[in-house]
There are 2 protein chains.
Amino acid sequence: MKLTSKGRYAVMALVDLAKFNDINPVSLRDISLRQGISLDYLEQIFSKLRKKEIVQSVRGTQGGYVLNKKAKEIKLTNILDAVDEKVKTVQCKKELKKGCNGKATKCLTHNLWDELETHINNFFDKKSLEDLVQDNIERRV
Amino acid sequence: MKLTSKGRYAVMALVDLAKFNDINPVSLRDISLRQGISLDYLEQIFSKLRKKEIVQSVRGTQGGYVLNKKAKEIKLTNILDAVDEKVKTVQCKKELKKGCNGKATKCLTHNLWDELETHINNFFDKKSLEDLVQDNIERRV
DNA sequence: ATAAACCCGACTAAAATAGTCAAGTATCAT
DNA sequence: ATGATACTTGACTATTTTAGTCGGGTTTAT
Ligand code: FES
Ligand code: FES
């Protein structure tokens with residue numbers, strides 16, 4: 001079970017963005033330099049974040065990205081969903097009655113993975129971008 | 001974030017095994033048939049489980065595998081560790097002071113992923129094989 | 001003896017990941 | 001106006017991981 005860089009970068013970049021958000025649009029170039037993430041990769045990531053209305057873009061010189069909602073309203077869930085990093089513990093289609101390997105019934109452990117998924121999503125639903133920025137400021141002091 | 005089939009299979013197979021454990025050694029062929037998992041793949045998985053002393057093997061005809069500890073004492077953590085499915089939320093070396101991308105300091109989100117890892121491991125530490133077998137019997141009734 | 005089972009290592013196809021690259025378009029500062 | 005800055009889009013690619021397969025063993029009950 002691992003978290004991919006795409007998801008980690010998305011959150012990292014948004015925390016960075018959120019810190020400067022009130023002043024000016026933040027360019028990906030700046031985030032790239034500060035966080036050490038490839039600019040081209042960041043562009044892919046922000047394209048997804050924009051489509052899911054988590055950020056807004058400002059084109060042209062002095063442009064960049066700004067948050068599209070209040071940091072408090074952006075949950076980890078929203079960010080990870082946007083970049084296709086949803087938690088996935090089973091491979092069977094949930095809505096279908098079929099099991100893992102095309103069997104007629106759900107397998108012995110289906111229920112367990114469902115519980116796990118809920119457990120992890122609870123964590124993601126609770127944490128907002130605001131929390132993360134806050135944590136960060138506190139730690140610095 | 002996803003769980004791989006290897007991890008899912010390992011747990012599935014052990015739940016199956018645990019149900020028959022008291023009577024006779026259970027052959028992988030049987031597990032393979034009942035659970036619809038490739039026999040060759042199961043062999044790889046059980047080789048790891050044996051090395052981590054979660055199961056014991058009985059060779060020869062009528063052989064198979066038996067649990068090496070009580071079902072109550074085998075936690076999900078132990079199973080997933082054995083098959084190299086540990087939770088991994090960061091890519092930076094934890095013990096080192098260095099950050100994600102070789103930076104001198106830990107990144108903005110390091111602490112968050114640490115929390116997440118703990119959160120998930122709590123779940124894995126709590127659930128024992130016995131719990132899973134029990135859940136299963138209850139559901140059948 | 002022979003068949004059932006475990007044991008071991010090497011191999012591989014397919015998918016996912018973590019990017020790179022090229023060619024745009026919009027907008028601001030001067 | 002014109003350049004520079006920055007977003008936009010889509011295609012491409014190397015590497016790694018996953019989910020197996022395959023071929024040959026060795027052990028042991030019957
Ligand atoms: S995990 Fe859903 S049927 Fe196995
Ligand atoms: S996750 Fe550890 S430094 Fe980024």
Side-chain angles (χ1 to χ4, degrees), chain A residues 1-13 17 20 24-33 35-52 54-66 68 80 83-86 88-92 100-102, chain B residues 1-13 17 20 24-33 35-52 54-66 68 80 83-86 88-92 100-102:
Chain A
M1 269 224 110
K2 63 161 123 26
L3 188 75
T4 66
S5 289
K6 189 167 54 173
R8 215 180 305 109
Y9 288 167
V11 178
M12 235 190 265
L17 174 56
F20 297 89
N24 275 317
V26 181
S27 73
L28 294 188
R29 196 180 132 278
D30 285 357
I31 297 179
S32 164
L33 290 172
Q35 306 304 327
I37 304 169
S38 143
L39 177 58
D40 284 317
Y41 204 20
L42 274 177
E43 282 177 343
Q44 277 185 43
I45 292 169
F46 273 76
S47 161
K48 295 181 185 221
L49 293 173
R50 186 171 52 83
K51 276 168 194 156
K52 289 293 167 72
I54 289 171
V55 296
Q56 262 192 338
S57 65
V58 180
R59 301 185 68 159
T61 325
Q62 302 297 99
Y65 287 91
V66 275
N68 199 23
L80 296 175
V83 297
D84 314 309
E85 276 283 323
K86 272 197 256 283
K88 216 188 153 208
T89 57
V90 300
Q91 125 237 59
C92 65
C100 286
N101 6 48
Chain B
M1 270 223 110
K2 63 160 118 33
L3 187 75
T4 65
S5 288
K6 188 166 54 174
R8 215 179 306 112
Y9 289 167
V11 178
M12 236 190 267
L17 174 56
F20 297 88
N24 275 315
V26 180
S27 74
L28 295 189
R29 195 179 132 279
D30 285 356
I31 296 179
S32 164
L33 290 173
Q35 305 305 325
I37 304 169
S38 143
L39 176 59
D40 285 317
Y41 203 22
L42 273 177
E43 280 179 343
Q44 277 187 43
I45 291 170
F46 273 76
S47 161
K48 295 183 185 218
L49 292 173
R50 186 173 51 84
K51 276 170 193 152
K52 289 293 168 71
I54 290 172
V55 295
Q56 263 192 339
S57 65
V58 180
R59 300 186 70 162
T61 324
Q62 303 295 100
Y65 288 91
V66 275
N68 199 23
L80 296 175
V83 297
D84 313 310
E85 276 283 323
K86 273 197 255 282
K88 218 188 151 209
T89 57
V90 300
Q91 125 237 63
C92 65
C100 289
N101 7 48

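These figures come from a predicted structure and were not determined experimentally. Order of the sequence lines fixes the chain letters, A, B, ..., with proteins taken first and strands second; residue numbering starts at 1 for each chain.
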Without decimals, in angstroms, what is the distance between [X] [atom1] and [N] [atom2]?
{"X": "B:Lys2", "N": "C:dA15", "atom1": "NZ", "atom2": "P", "result": "12 Å"}
{"X": "A:Asp30", "N": "D:dA6", "atom1": "CG", "atom2": "P", "result": "7 Å"}
{"X": "A:Gln62", "N": "C:dA26", "atom1": "CD", "atom2": "C1'", "result": "14 Å"}
{"X": "A:Lys48", "N": "C:dT17", "atom1": "NZ", "atom2": "C1'", "result": "11 Å"}
{"X": "B:Gln91", "N": "C:dA16", "atom1": "CD", "atom2": "P", "result": "21 Å"}
{"X": "A:Leu33", "N": "D:dA6", "atom1": "CG", "atom2": "C1'", "result": "13 Å"}
{"X": "A:Leu28", "N": "C:dG19", "atom1": "CG", "atom2": "P", "result": "15 Å"}
{"X": "B:Arg29", "N": "C:dA3", "atom1": "CZ", "atom2": "P", "result": "14 Å"}

Mind checking if [X] touches a base, just sugar-phosphate, or nothing, with heavy atoms under 4.0 Å?
{"X": "B:Tyr65", "value": "sugar-phosphate"}
{"X": "A:Val55", "value": "nothing"}
{"X": "B:Lys51", "value": "nothing"}

Could you tell me whether the phosphate oxygens of [N], OP1 or OP2, come under 4.0 Å of any side-chain nitrogen or oxygen in [X]?
{"X": "B:Ser47", "N": "C:dC6", "answer": "no"}
{"X": "A:Tyr9", "N": "C:dG19", "answer": "yes"}
{"X": "A:Ser5", "N": "C:dA18", "answer": "yes"}
{"X": "B:Arg50", "N": "C:dC7", "answer": "yes"}
{"X": "A:Arg8", "N": "C:dT17", "answer": "no"}
{"X": "A:Ser57", "N": "D:dT8", "answer": "yes"}
{"X": "B:Arg59", "N": "C:dC8", "answer": "no"}

**Asked** Are the side chain of B:Ser32 and the backbone N or O of B:Ile37 linked by a donor-acceptor pair below 3.5 Å?
**Response**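 Pair found, side chain donor or acceptor close to backbone of B:Ile37.
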**Check: A:Gly64 main-chain N/O paired with A:Arg29 side-chain donor or acceptor under 3.5 Å** =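 No: the side chain of A:Arg29 does not pair with the backbone of A:Gly64.
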When you compare the side chain of [Y] with that of [X], does any pair of heavy atoms fall below 4.5 Å?
{"X": "A:Ile31", "Y": "A:Phe46", "value": "yes"}
{"X": "B:Asn24", "Y": "B:Gln62", "value": "no"}
{"X": "B:Glu43", "Y": "B:Ser47", "value": "no"}
{"X": "A:Tyr65", "Y": "A:Leu42", "value": "no"}

**Prompt:** Do other residues, nucleotides or ligands put more than 12 heavy atoms under 6.0 Å from A:Lys86 NZ?
**Reply:**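 Atom NZ in A:Lys86 is not crowded, with 12 or fewer foreign heavy atoms closer than 6.0 Å.
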**Message:** Parallel, tilted or perpendicular, judged at 30° and 60°: which one describes the rings of B:Tyr41 and B:Tyr9?
**Reply:**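 Because their plane-to-plane angle is over 60°, the rings of B:Tyr41 and B:Tyr9 count as perpendicular.
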**Prompt:** So which of residues 35-45 of chain A are in contact with DNA chain C, with a heavy-atom cut-off of under 4.0 Å?
**Reply:**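 The stretch gives A:Ser38, A:Asp40, A:Tyr41, A:Gln44 as the residues lying under 4.0 Å from the strand, ordered by number.
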